[in-house]
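All residue numbers refer to positions in the sequence shown, counting from 1. Because the structure is a prediction, the values reported are computed rather than measured. Ligands are counted one by one from 1 in listed order, and the atoms in each one are counted from 1 as well.
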Amino acid sequence: MSISLLPAVQAFLQRDHGQFIDGQARVAGSGRHLDVIDPASGEVISRVGEASQADIDAAVASSRQGFAQWSKAAPAVRGGVLLKLADLLERNREELAQIETLQSGKLIQIARNFEVDQAAHFLRYYAGWATKIGGETITPSLPSFNGEKYTAFTLREPIGVVVGIVPWNFSTMIAIWKLASALVTGCSVIIKPSEFTPLTILRIAELAVEAGLPAGALNVVTGAGGVGKALIEHPHTDKVSFTGSVPTGLAVGQTAMAANLTRATLELGGKNAAGFLPDVDVDKAVAGIIEAGFLHSGQICAAAERFYVHRSQIEAITQRLCERLAQLKIGSPLDESAEFGPVTNKQHQAKLGQLFAKARAENCTILHGGQLIDGPGCYVEPTVILANSAKDSLMTEETFGPVATFLPYDTEEELVELMNDSPYGLSASLWTNDLGKAMRLIPQIQAGTLWVNMHTLLDPAVPFGGIKASGVGREFGGAFIEDYTELKSVMIRY
Ligand code: NAD
């Protein structure tokens, strides 16, 4: 049974949404709007005005002023505001989670536990960095000519106005990663949410004001890709931090370079691999595959999509997996007992339908699922496919959906070769009871993040980002600081 919506959520959906600029909600000047559709029902639940060029200019101007003020705030003040925002996320947990579930179709438990609770943890982690960012002192290396002395040091200075472009899969958490990285380093930030999921960040921007963030430090500009492009091209934008698909990431990188060598970090997709060594226990492997491939219907950038299992075990593992998937309760994401919900939009559902057709055309074996589910919502069956070769479409193209494609292997060398046989390298996982073997394989696997006996768990203390075509730059840990600051070297003669 579905939970009841909070009156605050019903009231929020009814509001005339647009942009959030200079500390205030504003109705868009363009006259165009985005329909926000509940993917569980296919119904329009809210409308958000799309930004005009004047709105974009106003947001960037506000961010420049916001930067002038915020970059001068004491580090402890910056950290304090993020800590207060984390408290406010928790205080408004159910409201934010319900809005997130309605706009994205993610299960309410995932919205509560990941989108809101994890976002608060990330905010607190980032807040701690505010008081720990600094340069270094350096002893210059060359001998002096006349006995003069030199000393040198570096400063880490905030880069300026950051545009954070966010995808639809984790629209709350990824927006928080971007705004926290920017604000803690002293930058101001404009968040451009996905056109499919613009609502939660508009509410979070209000909470940020309540937390004490000065006007202009955080602005929100809504719209589709054209609005994102115009923000990057704006002459007063200093950096773009983009999370999304590989083709859009390439376009964003090119736009940023052409704009003014605008700095760009790109967190993109991939075709992540999971390799199971022959010693794995079948039940543990199946639980791992469900974690790696089916959480949030596979709509996680780090999710595994290529599964390599030793030939001796592939039948047992895929058979048990299909049995488990057949038992999943597919239902409304607002039903707390549902285990599997819709994908986030009709376009994505249609793309998955095309991939299923390709798998059939290439004579792959569909072991489970492989159909869209009829009805007004965007439901897709959890799917297990046995590929014929590493070149099959389902082994090479990102599905970003609840689809696990399997291929058997015979030797460890072949496993490494197959796992690395991709232009992408966001994440990967190895599954084995033999830690020594895992340690020997770790350096051979090409991925920005490699998990052993786990997959998908992101921790704010552990840097995250892609190699090869999966991206440029890193989030989390201390690694993000380099991407949000410029390094200034100072030399002094005395
Ligand atoms: P997308 O690339 O279609 O869109 C992402 C964002 O870019 C949206 O806000 C969109 O409006 C905007 N955009 C589109 N065209 C643009 C342009 N020319 N200039 C500027 N902005 C533009 O991605 P999506 O479908 O929303 O998200 C799914 C993709 O995101 C998947 O490929 C997934 O792997 C990837 N992803 C990566 C990570 C990561 O951290 N590496 C995390 C989540 C999702």
TODO: Establish, yes or no, whether a centroid distance under 6.0 Å links the rings of F406 and F307.
DONE: yes
TODO: Go through the steps for T265 and D483 under the test side chain to side chain donor-acceptor pair (under 3.5 Å), then give the verdict.
DONE: CA-CA 7 Å; T265 42; D483 291 332; 5.1 Å; no
- [ ] Identify which of Q254, E195, E475 has a heavy atom lying nearest to atom 10 (C) of ligand 1.
- [x] E195
Open item on the list: With a heavy-atom distance limit of 4.0 Å, tell me whether F196 approaches ligand 1 through its side chain, its backbone, both, or neither.
Closed with: neither
TODO: Name the closest protein heavy atom to atom 27 (O) of ligand 1, giving the residue it belongs to and the distance to 0.1 Å.
DONE: P167 CB, 3.3 Å
Task: Atom indices of ligand 1 within 4.0 angstrom of F464 heavy atoms, with elements - done: 40 (O)
Task: ligand 1 atoms in contact with V252 (distance to a heavy atom under 4.0 Å) - done: 19 (N), 20 (C)
Task: ligand 1 atoms in contact with N169 (distance to a heavy atom under 4.0 Å) - done: 43 (C), 44 (C)
Open item on the list: Just to confirm my output: which protein heavy-atom neighbour is closest to atom 26 (O) of ligand 1, and how far is it?
Closed with: W168 CD1, 3.1 Å
Task: G228 neighbourhood, listing ligand 1 atoms whose heavy-atom distance to it stays under 4.0 Å - done: 20 (C), 21 (N)
Task: Under-4.0 Å salt bridge between R263 and D238 - done: no
- [ ] Check F242 against ligand 1 and report side chain, backbone, both or neither, counting heavy atoms closer than 4.0 Å.
- [x] side chain
- [ ] Check for a donor-acceptor pair, side chain of T396 on one end and backbone N or O of S393 on the other, with a separation under 3.5 Å.
- [x] yes
Task: Pair W431 + H455: ring centers closer than 6.0 Å - done: no
Open item on the list: Counting only heavy atoms closer than 4.0 Å, does ligand 1 sit against the backbone of A224, its side chain, both, or neither?
Closed with: backbone
Open item on the list: Only heavy atoms of S194, strictly under 4.0 Å: list the atoms of ligand 1 that pass.
Closed with: 9 (O)
- [ ] Taking the six-membered ring for Trp and the single ring otherwise, decide whether the centroids of F114 and H296 are under 6.0 Å apart.
- [x] no
Open item on the list: Could you identify the single nearest non-hydrogen protein atom to atom 41 (N) of ligand 1 and state the distance to 0.1 Å?
Closed with: L268 O, 2.7 Å
Task: Evaluation steps, ring-ring contact (aromatic ring centres under 6.0 Å, His included), between W177 and Y126 - done: CA-CA 9 Å; W177 298 347; Y126 276 102; 8.7 Å; no
Task: Enumerated ligand 1 atoms positioned under 4.0 Å from heavy atoms of P193 - done: 9 (O)
Task: Nearest protein heavy atom with distance in Å, relative to atom 17 (C) of ligand 1 - done: G225 O, 3.6 Å
- [ ] Test Q103 against T200 for side chain to side chain donor-acceptor pair (under 3.5 Å), laying out the working first.
- [x] CA-CA 9 Å; Q103 70 175 356; T200 36; 3.1 Å; yes
TODO: If the plane angle is over 60° it's perpendicular, under 30° parallel, otherwise tilted; pick one for W129 and F480.
DONE: perpendicular
Open item on the list: Which residue and atom name correspond to the protein heavy atom nearest atom 23 (O) of ligand 1, and how close is it?
Closed with: S245 N, 3.5 Å
TODO: Just let me know how L426 lines up against ligand 1, side chain, backbone, both or neither, with a heavy-atom cut-off below 4.0 Å.
DONE: side chain
Open item on the list: Is the contact between I174 and ligand 1 made by the side chain, the backbone, both, or neither, using heavy atoms and a 4.0 Å cut-off?
Closed with: side chain
Task: ligand 1 N/O within reach of W177 N/O, cut-off under 3.5 Å - done: no
- [ ] Verify side chain to side chain donor-acceptor pair (under 3.5 Å) between T222 and E195, making sure each step is shown before the conclusion.
- [x] CA-CA 7 Å; T222 60; E195 53 273 39; over 6 Å; no
TODO: Please confirm whether H17 and F12 have ring centers closer than 6.0 angstrom.
DONE: yes
Task: Sidechain N-carboxylate O distance under 4.0 Å for R156, E486 - done: no
Open item on the list: Looking only at protein heavy atoms, which one is nearest to atom 28 (C) of ligand 1, and what is the separation?
Closed with: F400 CE2, 3.5 Å
- [ ] Run the numbers on K178 and S241 for side chain to side chain donor-acceptor pair (under 3.5 Å), then give the verdict.
- [x] CA-CA 7 Å; K178 302 219 175 293; S241 173; 3.1 Å; yes
Task: Proximity of V166 to ligand 1 by residue part, where a heavy atom lies under 4.0 Å - done: backbone
Task: Any A302 heavy atom less than 4.0 Å to ligand 1 - done: no
TODO: Do me a favour and list the nearest non-hydrogen protein atom to atom 12 (C) of ligand 1 with residue, atom name and distance?
DONE: I165 CG2, 3.7 Å
Task: Closest approach of any protein heavy atom to atom 37 (C) of ligand 1, naming residue and atom - done: C301 CB, 3.1 Å
Task: Region of E398 that comes within reach of ligand 1 [heavy atoms, distance under 4.0 Å] - done: side chain
Open item on the list: Could you walk me through whether E397 and K271 satisfy the salt bridge (Lys or Arg N to Asp or Glu O under 4.0 Å) test, starting with their C-alpha distance in whole Å, then the side-chain angles of each, then the deciding distance to 0.1 Å, before giving a yes or no?
Closed with: CA-CA 7 Å; E397 287 179 36; K271 188 73 187 171; over 6 Å; no
